[in-house]
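Note sheet for the following structure.
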Amino acid sequence: MLCNRCHQREATVFLTKIVNGEKSQYHLCEVCAKEQGEIFSQAAQGFHFNNLLSGLLNMESSPVAAPSTTALRCDSCGMTYQQFTQIGRFGCPECYHNFAARLEPLLRRIQSSSEHTGKVPLRCGEQVKLKQQLETLRRDLKQAVMLEQFEEAARLRDEIRDLEQRMDATERQG
Amino acid sequence: MSLGNFLENAMSRWMRDGGPEDDIILTSRIRIARNLQDKPFPTLLTDSISDEVLESTKTALASEKMKSLGDFQFLRMADMAPLDRQALVEKHLISRELAEDSKHSAVAIREDEMVSIMVNEEDHLRIQCIMPGFRLDEAWDLASHIDDALEHTVSYAFDNRLGYLTACPTNVGTGLRASVMMHLPGLVLSGQINRMLTAVSQVGLAVRGMYGEGSDSAGNLFQVSNQVTLGESEREIIENLRGVVQQLIDHERSARRMLLEQNRTALEDRVCRSFGVLAYARQIDSREALERCSDVRLGIDLGMISGVSTGILKELMVMVQPAFLQKYYREELSPGERDVRRAALIRERLRLDDTEVR
């Protein structure tokens, strides 16, 4: 198939453009594709989830809190919240703490919750593991009370007390 | 070098071997994102810090723990020719982003190419395991072992509440992306694919065509993966994905059965024509090659063609890509020349098998 534009060279770039729901297809040769500045393969791959994310962030930050967001800055790496909303990526691990207040609604939107329940690093892990265990036990306890399974609830309560004592002990050691 | 020898050397394990449900599932892939403590993410990386990250990773790789998990080769992108980087992208061992931002980045690849660890991509470390067939649990176990072994030497950025901290908040928590590459010609031919894709995205999973958008995906290849990384444990994420994929497998199987019952002749015609094109064409572009390979693979699965190895789709899916083609022929090829050489390579590959069309 020949290029739609120069009608001379073999078309090797096939592009489907969807603009406002209207679909149009182009068959171009590499030369014309480059000239048109539409190196689609790269342009398309360059489009990152982050672009969508920054759309989401900007939408959210526009109405009320604009002045405070411009001032918000991570004191560890220097990235501003404004910059984050533009690139959709943080500058350093500390950004999560420094932008915590603004992050919460975002995480609720893009994630299923804001509590990690998965794997924990081996080394810093002991305390975190106990904490996760505690969370699970407390949830179970609530459920047991709700279902009026009081024997089970009493057992869980004792287990929670044990665990809390163990956590206190390790904390003092650390 | 003969094609047989070249393939022997150039193919990853995932391209060569089979696995559970591999008539529909080509590969299972696990990727986990990790960052080193107290260092800015690659977003803000300077030359000196990126070197520190590379050095820390090298040290971690050299540890006894890591050595017990296999031989890794450490490759800095800056030291590699663009064509070699591109070939790694085509083999799915590194991401396009890693190959493009080559100044600071590197990859460690295990000998069997089932494990690759990207350094200074969007996150400091991205551990990837790719296995043939439907083996998400196995891939996760391996990735998790590598993760533990690395952590013996380096400390990760971790928050008690938010989990593993990543550059992009879409990865925070587990840092896990589990994905499965599926061959779904039955659903595409029977016109059910769009309905399936919509349903899958409604249960919180992402689907995309491997080579193209939505239902236009060349070669009927689709990738299904989890989107949420925080709030569910790794096992829950994988279990959820597995459940949905299992249903897709069942639907694909029944679509194939239905096509066979209702349109046998049309289906056989399609499969055999495609086989004819692959066996005799003198020039072919990569899109057509993928589509024809998909038909032939379907024909193999349905018992219409015998003798062609079932791995043909996976193998050619990588082999017909530009960088691989040029590596095999060891010269730079213009797009027009590529189509000619691609056709020649496919003919040669089919001759390696003892094919019979019924």
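None of the values given here were measured: they were computed from a predicted structure. Chain letters run A, B, ... following the sequence lines, proteins first and then strands; every chain starts at 1. As a basis for the values below, the full set of heavy atoms in this structure was taken, side chains included, without hydrogen atoms, waters or symmetry mates.
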Option in B/V228, B/D339, B/T174 with maximal non-hydrogen atom pairs under 4.5 Å from chain A: B/V228
What option among B/D148, B/I237, B/D285, B/L36 has the most heavy-atom pairs under 4.5 Å with chain A? B/D148
In terms of heavy-atom contacts, B/P169 and A/Y96 come closest through CA-OH, 3.6 Å
Nearest heavy-atom pair of B/L44 and A/M79: which atoms, and what distance? CD2-CE, 4.1 Å
Quick check on B/D159 against chain A: is it the side chain, the backbone, both or neither that has a heavy atom closer than 4.5 Å? side chain
Quick check against the 3.5 Å criterion: does B/E232 have a side-chain atom that pairs as donor or acceptor with the backbone of A/S112? no
Closest non-hydrogen atom pair between B/D147 and A/K119, with its separation: OD2-NZ, 2.8 Å
Is it the case that over 12 heavy atoms from other parts of the model lie below 6.0 angstrom from the NE2 atom of A/H27? yes
If you round to the nearest 0.5 Å, how far is CG of B/L162 from NE2 of A/H97? 6.5 Å
Would you call B/R161 and A/E104 a salt bridge, taking side-chain N to carboxylate O under 4.0 Å as the test? yes
Closest heavy-atom pair and its distance - A/V120, B/F158: CG2-CZ, 3.9 Å
Measuring from atom CG of A/L122 to atom NE2 of B/H152, what distance do you get when rounded to the nearest 0.5 angstrom? 6.0 Å
Using heavy-atom distances under 4.5 Å, tell me whether B/T166 contacts chain A through its side chain, its backbone, both, or neither. both
Heavy-atom pairs under 4.5 Å with chain B, option from A/G118, A/S113, A/G91 with the top count: A/G91
With a cut-off of 6.0 Å (strictly less than), are more than 12 heavy atoms of other residues, nucleotides or ligands near CD of A/Q143? no
Top contributor to chain A contacts, counting heavy-atom pairs under 4.5 Å, from B/L230, B/T229, B/N35: B/L230
What are the two closest non-hydrogen atoms of B/V172 and A/Q111, and how far apart are they? O-NE2, 3.9 Å
Show the nearest heavy-atom pair for residues B/A157 and A/P93, with the distance to one decimal. CB-CG, 3.7 Å
Between B/S155 and chain A, which part of the residue has a heavy atom less than 4.5 Å away: side chain, backbone, both or neither? both
Bottom line for B/R34: the part with an atom under 4.5 Å from chain A's heavy atoms is side chain
